[in-house]
Amino acid sequence: MFEKILIANRGEVALRIHRACRDMGIKTVAVHSTADHDAMHVRLANESVCIGPPAASDSYLNTAAIITAATITNTDAIHPGYGFLSENADFAQMVEDHGITFIGPLPEHIRIMGNKITAKQVAQEAGIPCVPGSNGSIDSEEEALLLAESIGYPILIKATSGGGGKGMKSADNKDQLIEAYRIARREANVAFGNSEVYMEKYLQRPRHIEIQILSDIHGNVVHLGERDCSLQRNHQKMLEETPSPALNFEMREKISRTACQMIRHLGYRNAGTIEFLYENSEFYFIEMNTRLQVEHPITEAITGIDIVREQIRIATGAPLGFTQSEINFSGHAIECRINAEDPKTFISSPGRISKFHTPGGLGVRVDSGLYLGYTVPHNYDSNIAKLIVHGKTRNECLMRLRRALDEFVIEGVKTTVPLQMELISDSDFINGKYDIHWLERLINDKKFIEN
Ligand code: MV4
């Protein structure tokens, strides 16, 4: 087992990883920017190293500084968390080249999945259903127009290096397609330095369903069920739940088995998430995330499995401690992402926390680096807390979520709590009837009343 792990991240995920390490008797090293001197992850860690100025590009993305910090602290392994360097194949390779274990997949697998065309090719080879579209890149307007005729409109142009919706444009007809092709290429070039795009049939009202998998170096693969992540705004997830209100037992089994099949085909190891769009009782692979995800705690809530602990065990070469049939799925879980933002304008709201009280009780978990007197810096993303509730049924979970959001006190910064309250009180949400555009419609329809 590792003696010491460096956590190459900040905020609540740095705490999350620290907690798994301490539960396993492993020492931790925090790294931090000068803006994060007083951060909770720095206070809790056994050791800490300042790796640079506030800008993420000079600190949390500074590979040389992070590897140096790992070397001088005699670290055995690095956990990248999510965001920052978590899906950077070159970083994973560099870590391994320095004789340090990267807690995650092989660099090669990060690279394959980072390229959405090669990711789709792997899925197709493994017999996974994909959205109808181009085989590979689209390299001219003529090619785009020709292929669109055979796929049928509406069409979606996507960036090969994409994710997060950048470089993605839909089109209802030929004229729009030419425009979409140009804009998508330009956006992709600006965002990723790669203008390559591909094409898919545009699904208009899908849900976003993802399967959590764990796999070890011995070829054991298990799934931990799905998460419904359809409630998002501007590609930022707001609330996730498991199980999905849209899936029955048979469909859940079918999608989960499919995800495991893809993992086996790849020889992938560690934690991963396979993303699908789900519409009219059909599911289609779109992408794979080769990292721990923000919403992983809802899966932990219904399975009782500590996903970060398993990631660490897998990275040591240990076999998974359980088989698929030993995993019990129990009850319902929901996560609310609480951001330091104005709940109406979504403008970020950094500042000093002047009042702070977290909800508690049975089935309530709060993952947050906040404390009274802490100043939320303006330099990083605005997520400041995650509230995860678990109940025997979806209804019990919803009642508990309402209760917990009511108990939450965060003052000094504006938060998205009022929006979360509003959305969980909407009858469509209560009935589980929503798709990936539902939240944006709710906000735009001004159904959302001022707090
Ligand atoms: C799609 C789609 C509709 N049809 N692909 C958005 C970012 C990237 N992860 C994939 N995305 C989408 N791909 C086809 N063929 C709609 C989206 C999409 C979306 C997907 C998941 C969660 C939220 C979303 C919000 C807008 C669009």
Side-chain angles (χ1 to χ4, degrees), residues 82-83 86-87 113-121 123-124 128-138 144 147-148 150-172 176-177 180-181 183-184 187-188 191-192 194 196-211 226-242 244 246-247 255 259 272-291 293-295 335 337 346 423 429 434-444:
Y82 29 77
S86 61
E87 290 179 292
M113 294 306 159
N115 178 312
K116 305 308 165 189
I117 290 178
T118 52
K120 226 178 142 174
Q121 278 162 355
Q124 271 159 338
I128 313 305
C130 294
V131 191
S134 57
N135 284 312
S137 64
I138 299 275
L147 192 63
S150 70
I151 297 169
Y153 290 91
I155 287 290
L156 193 61
I157 304 284
K158 293 178 161 184
T160 306
S161 309
K166 280 184 196 132
M168 199 174 78
K169 283 281 167 284
S170 66
D172 291 331
Q176 285 183 9
L177 181 61
Y181 175 76
I183 296 173
E187 274 188 21
F192 314 111
N194 175 10
E196 194 177 86
V197 295
Y198 63 107
M199 183 187 279
E200 280 181 357
K201 175 93 184 170
Y202 179 54
L203 306 180
Q204 292 174 276
R205 294 271 170 112
R207 297 178 80 113
H208 178 200
I209 307 272
E210 58 184 33
I211 307 290
E226 84 279 17
R227 294 183 287 258
D228 193 320
C229 305
S230 303
L231 291 171
Q232 58 86 36
R233 184 199 149 267
N234 261 351
H235 302 284
Q236 295 295 315
K237 293 168 187 166
M238 286 285 297
L239 180 152
E240 306 93 349
E241 65 178 316
T242 185
S244 168
L247 300 188
I255 302 181
T273 303
I274 316 240
E275 293 190 356
F276 297 93
L277 294 180
Y278 182 74
E279 188 180 66
N280 301 327
S281 303
E282 299 282 346
F283 62 91
Y284 310 88
F285 168 86
I286 48 166
E287 291 173 22
M288 177 175 177
N289 300 317
T290 56
R291 58 163 196 278
Q293 292 205 227
V294 177
E295 57 272 26
E335 170 180 275
R337 296 193 191 188
F346 303 99
L423 103 81
F429 174 73
Y434 57 84
D435 58 48
I436 59 171
H437 304 298
W438 181 85
L439 182 59
E440 285 167 351
R441 289 197 299 269
L442 180 87
I443 292 165
N444 294 333

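Each ligand, and each atom within it, is numbered from 1 in the order the structure gives.
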Looking only at distances, can you tell me whether any N or O atom of [X], backbone or side chain, sits closer than 3.5 Å to an N or O atom of ligand 1?
X: Q232; result: no
X: H235; result: no
X: H437; result: no

Electrostatic pair E335:R227 at N-O distance under 4.0 angstrom: no
Does E210 come within less than 4.0 Å of K237, counting only side-chain N to carboxylate O? yes
The salt bridge (charged side-chain N to carboxylate O under 4.0 Å, His left out) partner of K158 among E187, E287, E200 is E200
Could you list the atoms of ligand 1 found under 4.0 angstrom from a heavy atom of [X]?
X: K201; answer: 4 (N), 14 (C), 15 (N)
X: Y202; answer: 3 (C), 4 (N)
X: L156; answer: 1 (C), 2 (C), 3 (C), 4 (N), 5 (N), 13 (N), 14 (C)
X: E200; answer: 5 (N), 14 (C), 15 (N)

Give me the residue, atom name and distance of the protein heavy atom closest to [atom].
atom: atom 22 (C) of ligand 1; answer: H208 ND1, 3.6 Å
atom: atom 7 (C) of ligand 1; answer: G165 N, 3.7 Å
atom: atom 8 (C) of ligand 1; answer: E287 OE2, 3.2 Å
atom: atom 18 (C) of ligand 1; answer: I436 CD1, 3.5 Å
atom: atom 11 (N) of ligand 1; answer: M168 SD, 3.7 Å

Check whether any side-chain heavy atom of D435 sits under 4.5 Å from a side-chain heavy atom of R441, and report yes or no. yes
With a 4.5 Å cut-off on side-chain heavy atoms, are F429 and L442 touching? no
Parallel, tilted or perpendicular: ring planes of F283 versus F276, cut at 30 and 60 degrees: perpendicular
Options L277, L231, N289, ranked by nearest heavy atom to atom 2 (C) of ligand 1, top entry: L277
Checking the side chain of Q176 only, and the main-chain atoms of S170 only, is there a donor and an acceptor separated by less than 3.5 Å? no
Without swapping roles, check the side chain of K120 against the backbone of V131 for a donor-acceptor pair under 3.5 Å. yes
Yes or no: does P206 have any heavy atom under 4.0 Å from an atom of ligand 1? no
If we only consider heavy atoms of K158, is any one of them less than 4.0 Å away from an atom in ligand 1? yes
Checking side-chain polar atoms at under 3.5 Å, does T273 have a donor or acceptor matched by the opposite partner on N289? no
Side chain, backbone, both or neither: the part of L203 lying under 4.0 Å from ligand 1 by heavy atom: both
Please report the shortest heavy-atom distance between K166 and A191, naming the atom on each side. CD-CB, 3.6 Å
